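Down below is the structure, laid out as structure tokens.
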Amino acid sequence: DVKVTQSSRYLVKRTGEKVFLECVQDMDHENMFWYRQDPGLGLRLIYFSYDVKMKEKGDIPEGYSVSREKKERFSLILESASTNQTSMYLCASTVYARDRDPLHFGNGTRLTVT
Amino acid sequence: LAKTTQPISMDSYEGQEVNITCSHNNIATNDYITWYQQFPSQGPRFIIQGYKTKVTNEVASLFIPADRKSSTLSLPRVSLSDTAVYYCLVGDSGAGSYQLTFGKGTKLSVIP
């Protein structure tokens with residue numbers, strides 16, 4: 001079974017802090033994704049990566065950056081956290097970025113910015 | 001862009017069949033349709049996937065008409081444990097690369 005692990009389930013940070021959310025997958029998947037999930041808005045794609053050191057913007061990249069130095073690890077960075085970034089963050093991976101290969105998700109990191 | 005539209009919520013009694021329809025008018029020729037289920041405090045998990053006609057597995061069935069502009073997830077004889085949010089996903093290649101964009105999902109509540 002594919003395992004996608006997010007380093008923290010809950011995180012509380014202060015406004016202006018730099019925040020790192022870490023995600024690791026154990027199935028040698030090429031593609032990794034970061035989503036945020038908010039009530040009434042569903043899942044929205046922040047960034048995704050097709051390969052090491054490669055990244056592409058999703059629907060809502062503003063205020064975020066990402067890093068993929070190793071194939072198994074994809075980090076989401078909040079350069080200067082703001083209260084409107086309080087949300088559930090979900091990481092996912094898949095073999096191919098086409099829709100025919102199912103996404104495998106972690107259990108999420110609930111981030112609160114105060 | 002192959003955006004999807006689903007009902008926001010549905011209620012059903014235990015033991016009934018539930019059908020959730022997703023509209024995807026701009027689906028591309030090569031796109032597949034995938035459904036996910038999400039329980040509270042968990043990430044979504046894959047339920048079923050199809051390209052056309054009907055697909056069935058041990059959990060659900062997926063009906064896709066010939067024009068592929070919609071799809072219907074069918075859950076037979078639901079139980080309380082099927083209470084979850086269900087997402088329809090269609091590949092999004094409008095930007096020249098494949099962004100997998102979710103809709104807002106359908107919150108299914110199963111009533112005893």
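Given the structure is predicted, the values throughout are model-derived calculations rather than measurements. Per chain, numbering begins at 1; letters A, B, ... match sequence-line order.
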As an exercise, state the distance from [atom1] of [X] to [atom2] of [Y], rounded to the nearest 0.5 Å.
X      : Y       : atom1 : atom2 : value
F46(B) : T94(A)  : CZ    : OG1   : 10.5 Å
L43(A) : Q38(B)  : CG    : CD    : 6.0 Å
Y87(B) : L103(A) : OH    : CG    : 13.0 Å

- Is it the side chain or the backbone of R9(A) that comes within 4.5 Å of chain B heavy atoms, both, or neither?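 Side chain only.
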
- Part of Q37(A) within contact of chain B (heavy atom distance under 4.5 Å):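 It is the side chain, since no backbone atom gets that close.
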
Are [Y] and [X] connected in a single hydrophobic cluster, I mean Ile/Leu/Val/Met/Phe/Trp/Tyr linked by side-chain heavy atoms less than 4.5 Å apart?
X       : Y      : value
F105(A) : V66(A) : no
I77(A)  : V19(A) : no
L41(A)  : L89(B) : no

Atom pairs and distances, side-chain donor-acceptor, residues 66-73 of chain B, under 3.5 Å, sequence neighbours left out:
residue, atom, partner, partner atom, Å
D67(B), OD1, K69(B), N, 3.1
R68(B), NH1, D31(B), O, 3.0
R68(B), NH1, Y51(B), O, 2.8
R68(B), NH2, A28(B), O, 2.8
R68(B), NH2, T29(B), O, 3.3
R68(B), NH2, D31(B), O, 3.1
S71(B), OG, H24(B), NE2, 3.0
T72(B), OG1, T21(B), OG1, 3.0

- Query: So which heavy atom on P44(B) is nearest to which on L90(A), and how close?
  - Reply: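 Scanning both residues completely, I find the closest heavy atoms to be CD-CD1, 4.1 Å.
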
- Pairs where residues 14-91 of chain B contributes a residue and the test disulfide (SG to SG under 2.5 Å) is met, not counting sequence neighbours: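 Sorted result for residues 14-91 of chain B: C22(B)-C88(B).
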
